K.L.:
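Provided herewith is a single structure, encoded as C-alpha cells, for subsequent inquiry.
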2 protein chains.
Amino acid sequence: MTTTDAFESYLAKSNLRVTKERQQLYDGVRAQKGHFTVDTLVHRLKESGYAISRDTVYRNLPLLLEAGVVRQSFRAGRETIYEVDEGKPHHDHLLCSQCGKVEEFVDPKIEALQEDVARQFEFELQHHCHQLVGICKKCRKS
Amino acid sequence: MTTTDAFESYLAKSNLRVTKERQQLYDGVRAQKGHFTVDTLVHRLKESGYAISRDTVYRNLPLLLEAGVVRQSFRAGRETIYEVDEGKPHHDHLLCSQCGKVEEFVDPKIEALQEDVARQFEFELQHHCHQLVGICKKCRKS
DNA sequence: CTCTTATTGCAATTCAGTCTTAATAGGAAT
DNA sequence: ATTCCTATTAAGACTGAATTGCAATAAGAG
C-alpha cells in the first residue's frame with residue numbers, strides 16, 4: 001500500500017466519499033513541515049492552487065485525526081496547533097513562554113506511568129495532552 | 001497573615017489598588033467549590049450580590065493566577081476551566097471523553113520526570129499542562 | 001480635601017470554530 | 001453512459017470566549 005492510499009482506505013472503510021477536496025487536503029497536509037494551524041493550512045493550500053474552504057478543512061479534520069494522518073499537537077492561546085502524524089513517533093511538547101520556541105520530547109517512563117494512572121482509575125486511555133511550559137536557556141539570559 | 005490577606009498583599013507588592021471589585025472577586029473565587037468557568041463565576045458572583053462585570057473578571061484573572069489564588073485547570077472545548085489554588089496541592093486531570101467526568105491525580109514520579117526533561121533541554125520549568133483522556137469504567141459498559 | 005491616574009463598565013470588536021442552506025458532485029443502480 | 005440519491009461542498013451568517021478603546025469613576029498619595 002502506497003502512502004497515498006492511507007486516507008483513501010480509511011474513507012472507504014468508513015463508507016465516506018473520496019472527493020477532490022479530500023485528496024487535495026490530504027496532499028496539502030502531508031506537505032506541511034512542522035506545526036501548523038487551520039488558517040495557515042488553508043492559506044498554504046490556496047498558494048498551492050488548492051482552493052479548499054476553511055469549513056471543509058474543519059469538517060475533515062476529525063477524519064484526518066481518526067485516520068492517523070494528523071495529530072492535535074497543542075494549543076497556543078486560542079488556536080489549536082496540528083502536525084503531521086505519519087512516520088513520526090509520538091512525542092510531547094516543551095514550550096518557551098517568552099519566545100514561543102517549541103521542543104519535542106519523548107519519555108517512555110512517563111508514558112508508562114500515564115498508563116498506570118489510567119489503570120488505577122479504570123479508564124481506557126485514548127490519548128493525552130502533555131505540555132511543559134518554561135523559559136528556554138536563551139530567554140533566561142535576558 | 002490571614003488567608004484573606006493573600007491577594008491584598010500581592011496587590012500591595014505589585015503597586016496595584018485594592019478595589020471593592022477585587023476584594024469581592026477574591027471572596028467569590030474562594031467560595032467556588034471544584035472547577036469553574038469565567039461565566040459561571042460571574043453568574044455566581046451576581047447571585048451573591050457582587051455585581052462584577054465579566055471584563056473585570058477577565059482583567060483580574062492574570063493577577064489571581066500570579067498571586068496563586070486560582071489555577072488554570074484545563075480546557076473543555078473552547079472554555080478555560082479554573083479552580084481555586086489555595087490549600088489544594090498540585091494535581092493533574094483525567095477526563096472521560098464520553099461523559100465529561102473529571103478525576104484528579106498526582107504522581108510524584110511523573111512530576112520528577114518532567115523536571116528531568118526540562119533540565120535536559122535547559123528550560124526553567126514554570127508550569128505544565130497534563131491531561132489524560134480516556135473512557136471511564138461506566139461509559140465503557142455501554 | 002484635592003488631584004492624579006489606575007480601574008471599572010459598556011459597547012464594539014476580534015477570532016476560532018460552528019451552523020444553515022442551496023448548489024454540486026460522488027458513485028451506485030440501471 | 002445516464003439517472004438519481006445523497007454526501008459533500010462553499011459562502012456567509014452566526015456563536016461564544018476573550019480583548020480593546022473609551023469615558024466615567026474611585027483609590028489613595030500628598
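Predicted, not measured: the structure shown is a model, and the values here were computed from it. Chain naming here is simple, since letters A, B, ... match the order of the sequence lines and numbering starts at 1 in each.
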K.L.:
Any side-chain N or O of A:T80 under 4.0 Å from OP1/OP2 of C:dG17?
P.N.:
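Answer is yes, contact under 4.0 Å.
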
K.L.:
Would you say the ring centers of A:H128 and A:H90 fall short of 6.0 Å from each other?
P.N.:
yes

K.L.:
Give a yes/no answer on whether the side chain of B:N60 brings an N or O atom under 4.0 Å of OP1 or OP2 in C:dT8.
P.N.:
yes

K.L.:
Side chains of residues 131-142 of chain A: which donor-acceptor partners sit under 3.5 Å, not counting sequence neighbours?
P.N.:
| residue | atom | partner | partner atom | Å |
| --- | --- | --- | --- | --- |
| A:K137 | NZ | B:E122 | OE1 | 3.3 |
| A:K137 | NZ | B:E122 | OE2 | 3.3 |
| A:R140 | NH1 | A:I135 | O | 3.1 |
| A:R140 | NH1 | B:E122 | O | 3.0 |
| A:S142 | OG | A:C139 | O | 3.4 |

K.L.:
Using whole Å, report how far CZ of A:F74 lies from C1' of C:dA16.
P.N.:
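Going from CZ in A:F74 over to C1' in C:dA16 covers 16 Å.
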
K.L.:
Minimum heavy-atom separation for A:L11 to A:R17, with atom names?
P.N.:
CD1-O, 3.9 Å

K.L.:
Rounded to the nearest Å, what distance is computed from the CG atom of residue B:L11 to the C1' atom of nucleotide C:dT8?
P.N.:
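Rounded to the whole Å, the gap is 15 Å.
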
K.L.:
Rounded to the nearest 0.5 Å, what's the gap from CZ on A:R119 to CG on A:L125? Could you check?
P.N.:
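CG of A:L125 is found 9.5 Å from CZ of A:R119.
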
K.L.:
Once you measure the plane-to-plane angle for B:F74 and B:H93, does it fall in the parallel (<30°), tilted (30-60°) or perpendicular (>60°) bin?
P.N.:
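B:F74 and B:H93: tilted rings.
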
K.L.:
Heavy atoms only, 4.0 Å cut-off, all strands: where does A:A76 land among base, sugar-phosphate and nothing?
P.N.:
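No contact.
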
K.L.:
Charged N to carboxylate O under 4.0 angstrom, A:E104 versus A:K88?
P.N.:
yes

K.L.:
Can you measure B:I81 atom CD1 to D:dA17 atom P for me and round it to whole angstrom units?
P.N.:
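From B:I81 CD1 to D:dA17 P: 10 Å.
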
K.L.:
5'-most contact on DNA chain C: B:R22 or A:V38, nearest heavy atom basis?
P.N.:
B:R22

K.L.:
When you match B:Y82 and A:S53 each to their closest nucleotide on DNA chain D, which lands nearer the 5' end?
P.N.:
A:S53

K.L.:
With nearest nucleotides of DNA chain D determined for A:I52 and B:L16 from heavy-atom distances, which residue corresponds to the more 5′ nucleotide?
P.N.:
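Of the two residues, A:I52 wins.
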
K.L.:
Taking atom C1' of D:dT8 as reference, at what distance in whole Å does atom CG of A:L61 sit?
P.N.:
16 Å

K.L.:
Measure the distance from CG on B:L41 to P on D:dA18 and round it to the nearest whole Å.
P.N.:
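That distance rounds to 12 Å.
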
K.L.:
Regarding B:K101 and B:E103, does a basic nitrogen lie under 4.0 Å from an acidic carboxylate oxygen?
P.N.:
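B:E103 and B:K101: salt-bridged.
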
K.L.:
I need the CD-P distance between A:E79 and C:dC15, as an integer number of Å.
P.N.:
10 Å

K.L.:
Atom CD of A:Q72 and atom P of C:dA16: how far apart are they, to the nearest Å?
P.N.:
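Taking CD of A:Q72 and P of C:dA16, I get 15 Å after rounding.
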
K.L.:
Each nucleotide in nucleotides 18-26 of chain C should get exactly one letter: B, S or -. Can you fill that in based on protein heavy atoms under 4.0 Å?
P.N.:
BB-----BB

K.L.:
Grab the CG-P distance between B:L64 and C:dT7 for me, whole Å please.
P.N.:
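Value for this atom pair: 13 Å.
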
